[in-house]
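Computed from a predicted model, the values in this text were never measured in an experiment. Atoms within a ligand are numbered from 1 in the order they appear, just like the ligands themselves.
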Amino acid sequence: MAYLTLKNLNKIYPNGFHAVHNFNLEIEKGEFIVFVGSSGCGKSTTLRMIAGLEEISSGEFLIDGKRANELGPRQREVAMVFQSYALYPQMTVYDNLAFSLTLQGVDEDVIEKRVEKTAKILGLTEYLDRLPRALSGGQRQRVAVGRAIIRKVGIFLMDEPLSNLDAKQRVTMRSEITQIHKEIGATTIYVTHDQTEAMTMADRIVVMKDGYIQQVGTPHDLYFDPANVFVAGFIGEPPMNFAKAVVKNGKVSYGGQEVDLTRKLGDRVKEYEGKAIILGFRPEAISLEDLDQAYHLSCEVELTEMLGDVTNVYVMIGEEQAILKVDPHDAATLGTTANFSIPYRSLYLFDGETEMAIK
Ligand code: ADP
Ligand code: MG
């Protein structure tokens with residue numbers, strides 16, 4: 001049985017706003033789960049229902065198979081890290097780390113050992129005597145994480161813990177948190193709006209939009225097998241390129257040429273005759289070589305952005321702008337026309353009405 005079970009969870013706030021709809025998820029012990037989605041999609045609300053900080057309007061939350069809806073935050077044995085760190089400003093790093101253990105009445109010498117060990121894991125040993133205001137943002141964030149892991153609880157909840165850090169610190173802390181998770185192995189639910197954090201940290205990702213789960217899967221699943229247009233566009237940077245077209249005789253016109261959809265759909269293409277479909281391909285999935293098993297396009301280059309490791313080449317395909325990720329050396333010699341191939345296996349098809357992936 002799963003360690004945590006979220007069964008048809010709903011949250012309707014007192015003002016009547018329905019923030020989370022029928023949220024279903026099973027989480028195994030030790031998993032690192034990331035909730036990802038744009039601001040306002042219901043990530044924090046769901047996390048707070050798990051933490052016991054927000055009442056569950058309907059549905060059931062089970063820990064180890066036992067109903068936990070009515071348990072308070074302490075009884076659920078969860079530790080939470082917030083974006084705001086929430087450190088005690090008048091206490092030293094040592095006291096901030098020790099505080100929850102002191103409250104629990106743990107022996108002083110046990111506390112000392114645990115603080116030392118936690119400080120070591122997080123590289124805070126030299127800062128134990130300092131007050132939070134004498135620390136950098138990254139160091140404060142480490143104390144906040146330390147305060148959570150020192151409690152040795154089974155469930156670790158983090159709500160956008162890195163969003164107050166600068167880009168470089170975020171990358172460092174990202175790998176540190178992953179490393180800590182490997183060491184302590186606590187079941188972790190991590191909330192972020194940043195798809196890169198989700199992709200690099202998660203065992204499994206839950207993509208949310210407007211209070212609904214869009215897809216649950218490994219980073220690999222979401223990237224290669226997105227369930228719908230939203231997930232396809234959300235995961236990946238720059239996002240997947242899309243174009244809408246009507247199916248005629250099993251084909252669609254794309255960039256002035258025809259794509260034979262039987263290559264993707266076989267006989268099932270008949271189901272879509274006369275209907276709109278959405279084509280998608282990732283900027284990095286193209287090749288400037290004349291590949292076999294590929295769809296070929298010739299497009300005018302509108303703009304290039306040299307980023308160092310890669311150049312983003314903006315082209316128009318019919319009415320739609322698309323981005324191609326190209327090696328800067330190749331981009332430099334492109335000129336005004338980009339001739340490129342999209343392998344059929346990298347071409348995605350979505351239902352034009354439901355926007356669901358056509359498998
Ligand atoms: P996220 O963490 O994904 O940014 P939240 O879970 O904080 O989103 O919020 C989800 C939605 O619920 C938002 O539209 C937000 O405005 C709304 N919301 C959050 N808290 C309350 C509240 N106490 N009362 C009413 N609506 C709320
Ligand atoms: Mg939030």
Legend entry - Side chain, backbone, both or neither: Asn15 near ligand 1, heavy atoms under 4.0 Å: side chain

Inset, instruction - Look up atom 16 (O) of ligand 1 and tell me if a protein heavy atom lies less than 4.0 Å from it? - result: no

Inset, instruction - Quick one: pull up NZ in Lys359 and CZ in Phe350 and give me the separation to the nearest 0.5 Å. - result: 8.5 Å

Inset, instruction - Using the six-membered ring wherever Trp is involved, compare the ring planes of His21 and His18 and label them parallel, tilted or perpendicular (cut-offs 30° and 60°). - result: parallel

Inset, instruction - Using a strict cut-off of 4.0 Å, indicate which atoms of ligand 1 neighbour a heavy atom of Phe17. - result: 11 (C), 12 (O), 14 (O), 17 (C)

Legend entry - Side-chain touch Pro238/Lys325, heavy atoms, less than 4.5 angstrom: yes

Legend entry - NZ or CZ of Lys244 within 45° of Phe242 ring axis and under 6.0 Å: no

Inset, instruction - Return yes or no for this condition: an N or O of Gly40 is under 3.5 Å from an N or O of ligand 1. - result: yes

Inset, instruction - Considering only non-hydrogen protein atoms, determine which one is nearest to atom 7 (O) of ligand 1 and report residue, atom name and distance to 0.1 Å. - result: Ser44 CB, 3.8 Å

Inset, instruction - Please say which of Thr187, Val206, Thr5, Ile50 ends up in a side chain to side chain contact (heavy atoms under 4.5 Å, CB included) with Ile27. - result: Thr187

Legend entry - Protein heavy-atom partner closest to atom 18 (N) of ligand 1 - residue, atom, separation in Å: Tyr13 CE1, 3.4 Å

Inset, instruction - Just say parallel, tilted or perpendicular for the rings of Phe281 and Tyr254, cut-offs at 30° and 60°. - result: perpendicular

Inset, instruction - Give the residue, atom name and distance (to 0.1 Å) of the protein heavy atom nearest atom 9 (O) of ligand 1. - result: Thr45 OG1, 3.7 Å

Legend entry - Centroid-centroid distance, Phe35 to Phe23, less than 6.0 Å: yes

Inset, instruction - Check whether any N, O or S atom of Ser44 sits under 2.8 Å from the Mg ion (ligand 2). - result: yes

Inset, instruction - Please state whether Ser39 comes within less than 4.0 angstrom of ligand 1, counting heavy atoms only. - result: yes

Inset, instruction - Flag atom 21 (C) of ligand 1 as yes if some protein heavy-atom distance to it falls below 4.0 Å, otherwise no. - result: yes

Legend entry - Leu279 side, atom CG; Met240 side, atom CE - distance, nearest 0.5 Å: 11.0 Å

Inset, instruction - Report, in ascending order of atom number, the atoms of ligand 1 lying under 4.0 Å from any heavy atom of Gly42. - result: 1 (P), 3 (O), 6 (O), 8 (O), 10 (C)

